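From a predicted model like this one, the values you see are computed outputs, not experimental measurements.
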Amino acid sequence: MTSTSLLMLLAILAYLAVVVGIGVVLAKRNHTTEDFYLGGRKLGPFVTAMSAEASDMSSWLLMGLPGVAYVTGLADAAWTAIGLAIGTYVNWLIVARRLRHYTHECGNSTTLPLFFSNRYRDEKKILSVISAVLIIIFFVPYTASGFAACGKLFSSLFGWEYMPAMIISAIVIVAYTTLGGFWAASTSDFLQSIIMTIAIIVVFGFGINNVGSFGAVIDNAKSMAGYFSLVQIHDPATGSAAPYGALTIASMLAWGLGYFGMPHVLLRFMAIEDAKKLDLSRRVATVWVVISMAVAIFIGVIGNAMTKVGSIPVLEDSETIIITISDLISKHGVLAALVAGVILAGILAATMSTADSQLLAASSSASQNILKEVFVKGMDEKTGMLVARITVLVIAVIGMFIARDSNSSVFQIVSFAWAGFGASFGPLVLLALFWKRSNLQGALAGMLSGGIMVFVWKFLVRPMGGVLGIYELLPAFLVALAVNVAVSFATAAPSQEIQEEFERVSAMK
């Protein structure tokens, strides 16, 4: 290993030591399962905002999004980012405060599945168990994509074998999550959002300087057919442009609908200490998301220009663009090598900030919503904490098994899981919070139809192409919404108790 590689590795190891240290320090705050999974509802506004967005962005921000822009230009990446920016703002604006009030009023619900059952007075916990199963189904591969991203990073940079690199990264994530729970995940996510920001700013500035100027980057983008367009997409195989129609734009904007059903984001809304501070959280979160996604997209565009001027080779795996640029930065001296290490730590941060939250959400579904609520109802808190930690370990092992394929695409895995959550839970969350007539039968039918439609559209309908080749989230979301409303109207209205609770929450400010 060269001295440059050693310096980068030391910077990364220092960062990993810090996040594990956070888990060790905050472990003593976990006295109950509510502390472990929701932080006792004591998060401050800045930690709430930045941990929510860091856990949301994942390795997709620093690997998937720049990778797409590097190959095909602005259209796919930009319309997706616009949809996510709108979804972020609207989610914070209309869902955050209402969900915080409702989950506290409704049996002090500590998980999303438990809120669903409490909201609809589902005594048999059918709604809770099925939603918990869906969380596990979609979150385990999502977590696996994070582990895979870590493995790719170390493998491509240091020449390590993919499997050992991926496993070591996963062990670090599991260590601080198992020790510190939600407190550790949220606090480390706050730190990771700062490191991610530093990483993309440094890469952005270095890349422009390397190409010569921002104008040179734009000129290169404009020289390729459809690359710098929002209504065309570049085909790198032929060098030609293909039209990017209104239906495709709508399906990319539909990424924003996913926010209404993301358990790891919604948990942050539930965990804030003072609901009145959510306005500040919303502003901080929205500004960070807009700026970070815009910079990430342009890193892909800059990377393409760097390839054209010969600074970096043509990438076989476009999702390694920031890793490749970091390697180039490291060759400019000792300080540059340390800076490159911080950038690579930023990629790890993006990955880890999502993986830890997903592990907690999936494990809470398995241990709380399935095991404790259905099979071992009298479980005490000490046993509950032990089960919670063991469940994190088991789910992590499954994720590592799935992540053994080094050729999997981060962008594709994330997009499918995002659609699954958005369609299964998005309409249900909105109707549970804002429609008094919504009932248990409608909630159950809508959730199942949304989840099933994601699979149907992805694997049966979308391959037909043409107008049917749109992102599966949009049709699945609309189907789930329509089914929930139709079944609710076709069955008995909610009880007076449920309606009165709805009115109390509606009156809260």
Side-chain angles (χ1 to χ4, degrees), residues 52 56 83-106 109 111-122 127-128 130-131 134-135 138 250 253-270 275 278 282 285-286 361 418-454 471-489 491 493-494 498-499 501-508:
D56 157 37
L84 290 173
I86 295 171
T88 297
Y89 180 79
V90 174
N91 203 28
W92 280 97
L93 182 66
I94 69 171
V95 172
R97 189 187 303 271
R98 187 71 162 245
L99 185 64
R100 173 63 176 83
H101 288 319
Y102 219 142
T103 54
H104 187 267
E105 180 74 14
C106 193
S109 306
T111 67
L112 199 60
L114 182 57
F115 166 63
F116 293 151
S117 280
N118 288 347
R119 160 69 172 84
Y120 294 105
R121 302 302 190 272
D122 177 18
L127 196 59
S128 180
I130 293 177
S131 56
L134 287 173
I135 286 176
F138 289 116
L253 289 174
W255 274 75
L257 295 174
Y259 275 112
F260 301 125
M262 291 300 128
H264 55 304
V265 176
L266 298 174
L267 279 174
R268 266 61 182 189
F269 300 161
M270 296 161 61
L278 282 167
R282 181 184 73 244
T286 304
W418 189 269
F421 284 124
S424 299
F425 297 148
L428 176 54
V429 167
L430 292 175
L431 293 176
L433 294 178
F434 297 103
W435 190 38
K436 184 166 63 174
R437 183 62 177 77
S438 178
N439 65 16
L440 174 60
Q441 293 85 351
L444 183 58
M447 181 174 64
L448 286 173
S449 62
I452 293 170
M453 182 55 68
V454 167
Y471 182 34
E472 55 269 18
L473 173 54
L474 181 57
F477 187 97
L478 295 176
V479 166
L481 188 67
V483 168
N484 193 322
V485 172
V487 173
S488 291
F489 273 130
T491 51
I498 293 176
Q499 295 189 48
E501 181 180 74
F502 182 93
E503 294 294 346
R504 288 197 305 273
V505 174
S506 299
M508 294 179 181

Between the side chain of [X] and the main-chain N/O of [Y], is any donor-acceptor distance below 3.5 Å?
| X | Y | value |
| --- | --- | --- |
| Ser117 | Leu114 | no |
| Ser131 | Ser128 | yes |
| Asn118 | Ser109 | no |
| Arg282 | Leu93 | no |

Side-chain contact, heavy-atom cut-off 4.5 Å: [X] with [Y]?
| X | Y | result |
| --- | --- | --- |
| His104 | Met508 | no |
| Val429 | Phe116 | yes |
| Trp435 | Leu430 | no |
| Val90 | Tyr259 | no |
| Arg121 | Cys106 | yes |

Anything under 30° is parallel, anything over 60° is perpendicular, the rest tilted; go ahead and classify Tyr102 against Phe115.
perpendicular
Could you tell me which non-hydrogen atom of [X] sits nearest to which non-hydrogen atom of [Y], and how far apart they are?
| X | Y | answer |
| --- | --- | --- |
| Ala476 | Val454 | CB-CG2, 3.7 Å |
| Phe421 | Gly261 | CB-O, 3.5 Å |
| Leu444 | Ile130 | CD1-CD1, 3.6 Å |
| Val483 | Ser449 | CB-OG, 3.6 Å |
| Leu428 | Met447 | CD2-SD, 4.0 Å |
| Ala480 | Pro427 | CB-CG, 3.8 Å |

Could you grab the distance from atom [atom1] of [X] to atom [atom2] of [Y], nearest 0.5 Å is fine?
| X | Y | atom1 | atom2 | value |
| --- | --- | --- | --- | --- |
| Leu112 | Leu134 | CG | CG | 11.0 Å |
| Leu473 | Trp255 | CG | CH2 | 8.5 Å |
| Phe425 | Met262 | CZ | CE | 9.5 Å |
| Leu253 | Leu84 | CG | CG | 9.5 Å |

side-chain contact (heavy atoms from CB on, under 4.5 Å) for Leu257 and Leu474? Distances and angles first, verdict last.
CA-CA 8 Å; Leu257 295 174; Leu474 181 57; 4.1 Å; yes
Is any side-chain N of the basic residue among Glu503 and Lys436 closer than 4.0 Å to the acidic one's carboxylate O?
yes
Please test Phe260 against Leu266 for side-chain contact (heavy atoms from CB on, under 4.5 Å), starting from the C-alpha separation and ending with a verdict.
CA-CA 8 Å; Phe260 301 125; Leu266 298 174; over 6 Å; no
For Ser438 and Tyr120, test the side chains for any donor-to-acceptor distance below 3.5 angstrom and give the result as yes or no.
yes
Among side-chain atoms of Arg119 and Thr103, is any donor-acceptor pair under 3.5 angstrom?
no
Would Phe138 and Trp418 count as a close aromatic pair, with their ring centres under 6.0 Å?
no
Under the side-chain contact (heavy atoms from CB on, under 4.5 Å) test, residues paired with Pro494 that sit two or more places apart
Arg437, Asn439, Ile498, Gln499
Among Arg98, Arg100, Arg504, salt bridge (Lys or Arg N to Asp or Glu O under 4.0 Å) partner for Glu105
Arg504
